Asks: 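I'd like to ask some things about the structure below.
A, B, ... follow the sequence lines: proteins, then strands. Residue 1 opens every chain. The structure presented is a predicted model; accordingly, all values stated were derived computationally and were not measured.
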Number of protein chains: 2
Amino acid sequence: MVNIQEQIELFIKKCRVKNLNVTPQRLTIYRALLSDGSHPNPDAIHKKIIQEHPTISFSTVYKTLEAFERTGIISLVNNLHDTMRYDPITKQHHHIICVKCKKIIDVFDEELDFIKIPQSVTDGNRLLGFKVHFNVICSNCRE
Amino acid sequence: MVNIQEQIELFIKKCRVKNLNVTPQRLTIYRALLSDGSHPNPDAIHKKIIQEHPTISFSTVYKTLEAFERTGIISLVNNLHDTMRYDPITKQHHHIICVKCKKIIDVFDEELDFIKIPQSVTDGNRLLGFKVHFNVICSNCRE
DNA sequence: TATTAGTTAATAATAATTATTAATTAAAAA
DNA sequence: TTTTTAATTAATAATTATTATTAACTAATA
């Protein structure tokens, strides 16, 4: 789906623009992330990297990913990772999420419930359900 | 959107079915969750409850929410909360998420990029983007 | 080369969650 | 009703992921 070499070159360009030196560690971390389509967590990335780069530390992985994210080079998939959030309503609905204050608001909309499911989703997987996440900055959060 | 009284009665029924005693603590926790449309985290729920129920402990809140979730009475919004997950691809795409092993697979599908945005989403909020999450059990995880 | 800023690695600190245990309460049996 | 048993709760300890701090190191610049 994506050309690795192309992505790496793009990555290097982005770093230049954002004034991030392209260090061996950073390249390694980016490559590890790119090569693993499952979106590994910092721990998994570190484990993967440690072989070709035995002295790299955990905090480097964290700080690096954070720097990439902050500058828009990569994105954090689960911006609600920091704490558990529960939903008392179990019937199909969707969510508006404020990326600043992390509040989650329900969206009930019949139309969204009937989107066309891509082939790849059901291919080998048992589909349990889906949800649309709308990332917003809410009225309270834009000062 | 949802009738509170109705939901509470439904909750009580569900507890019976799942062999969970309907204790004051559980009712209080469920009500706190239901009454706050923002999907509060355990800490916020605890803070809210402590007034009318000053002896309730943190671990009770955690265990109770966990029990509700386990039995399907409520659902965990962010099943990827446990650890950070990054995405090197920044162009619009969507995600298949295995609820067991938590792996995240990209879905590129033009059609999904053009869903109709409900009124309530843009109402007061600045929309940054959206993503469809397909929750599945992947081939590896159904033993 | 000297200076400076940026980066890394090691370590300590924090915060959220989970596990453990004892006390309490509720349900079931006698 | 009393006794027994199981479920629930509260308090506490332990664990894990993440963040902050700091000193050593490296790269860029003057």
Asks: Quick check: on DNA chain C, is the nucleotide nearest A:Thr64 upstream (toward 5') of the one nearest B:Lys63, or the reverse? Name the residue that is more 5'.
Replies: A:Thr64
Asks: Taking OP1 and OP2 of D:dA27, is either one under 4.0 Å from a side-chain nitrogen or oxygen of A:Asn21?
Replies: no
Asks: Quick one: is D:dT18 close enough that its OP1 or OP2 comes under 4.0 Å of any side-chain N or O from A:Tyr62?
Replies: yes
Asks: Between C:dT17, D:dA28, C:dA9, spot the one nearest the side chain of A:Thr83, thanks.
Replies: C:dT17
Asks: Want to settle it: does A:Pro24 or A:Asn41 sit nearer the 5' end of DNA chain D, counting the closest nucleotide to each?
Replies: A:Asn41
Asks: Which nucleotide in the list C:dT7, D:dT9, D:dA10 gets nearest to the side chain of A:Leu20?
Replies: C:dT7
Asks: In whole angstrom, what separates B:Phe58's CZ from D:dA13's C1'?
Replies: 16 Å
Asks: Looking at B:Gln25, does any N or O in its side chain come under 4.0 Å of the phosphate oxygens OP1/OP2 on D:dA10?
Replies: yes
Asks: Evaluate the ring planes of B:Phe130 and A:Phe134, with Trp represented by its six-membered ring, and classify them as parallel (under 30°), tilted (30 to 60°) or perpendicular (over 60°).
Replies: tilted
Asks: Taking OP1 and OP2 of C:dA10, is either one under 4.0 Å from a side-chain nitrogen or oxygen of A:Ser57?
Replies: no
Asks: Considering every strand and a 4.0 Å limit on heavy-atom distances, what is the contact class for A:Thr60: base, sugar-phosphate, or nothing?
Replies: base
Asks: Charged N to carboxylate O below 4.0 Å: is that the case for B:Lys13 and B:Glu9?
Replies: no
Asks: If two hydrophobic side chains count as joined below 4.5 Å and joins carry through other members, does A:Ile104 share a cluster with B:Leu80?
Replies: no
Asks: Rounded off to whole Å, could you give me the CZ-to-C1' distance for the A:Arg16 and C:dG6 pair?
Replies: 16 Å
Asks: What is the distance from CD of A:Glu69 to C1' of D:dT18, rounded to the nearest Å?
Replies: 14 Å
Asks: When the nearest nucleotide of DNA chain D is assigned to A:His81 and to B:Thr55 on a heavy-atom basis, which residue is associated with the more 5' position?
Replies: B:Thr55
Asks: In whole angstrom, what separates A:His46's NE2 from D:dT18's C1'?
Replies: 14 Å
Asks: Between C:dA10 and A:Ser59, is there an OP1 or OP2 to side-chain N/O distance shorter than 4.0 Å?
Replies: no
Asks: CD of A:Glu66 versus C1' of D:dA17: gap in Å, rounded?
Replies: 15 Å
Asks: In this structure, how many angstroms lie between the C1' atom of C:dA9 and the CG atom of A:Leu65, rounded?
Replies: 16 Å
Asks: Does B:Asp82 reach a base, just sugar-phosphate, or nothing at all? Heavy atoms under 4.0 Å.
Replies: sugar-phosphate
Asks: Measure CG/B:Leu27 against C1'/D:dT8 and give the value in whole Å, please.
Replies: 14 Å
Asks: How close or far is atom P of D:dT9 from atom NE2 of B:His53, stated in whole angstroms?
Replies: 8 Å
Asks: Under a 3.5 Å distance rule, please check whether A:Arg142 uses its side chain to pair with a backbone N or O of A:Ile137 as donor and acceptor.
Replies: no
Asks: In terms of ring plane angle, is the pair A:Tyr30 and A:Phe11 parallel, tilted or perpendicular, where the classes change at 30° and 60°?
Replies: parallel
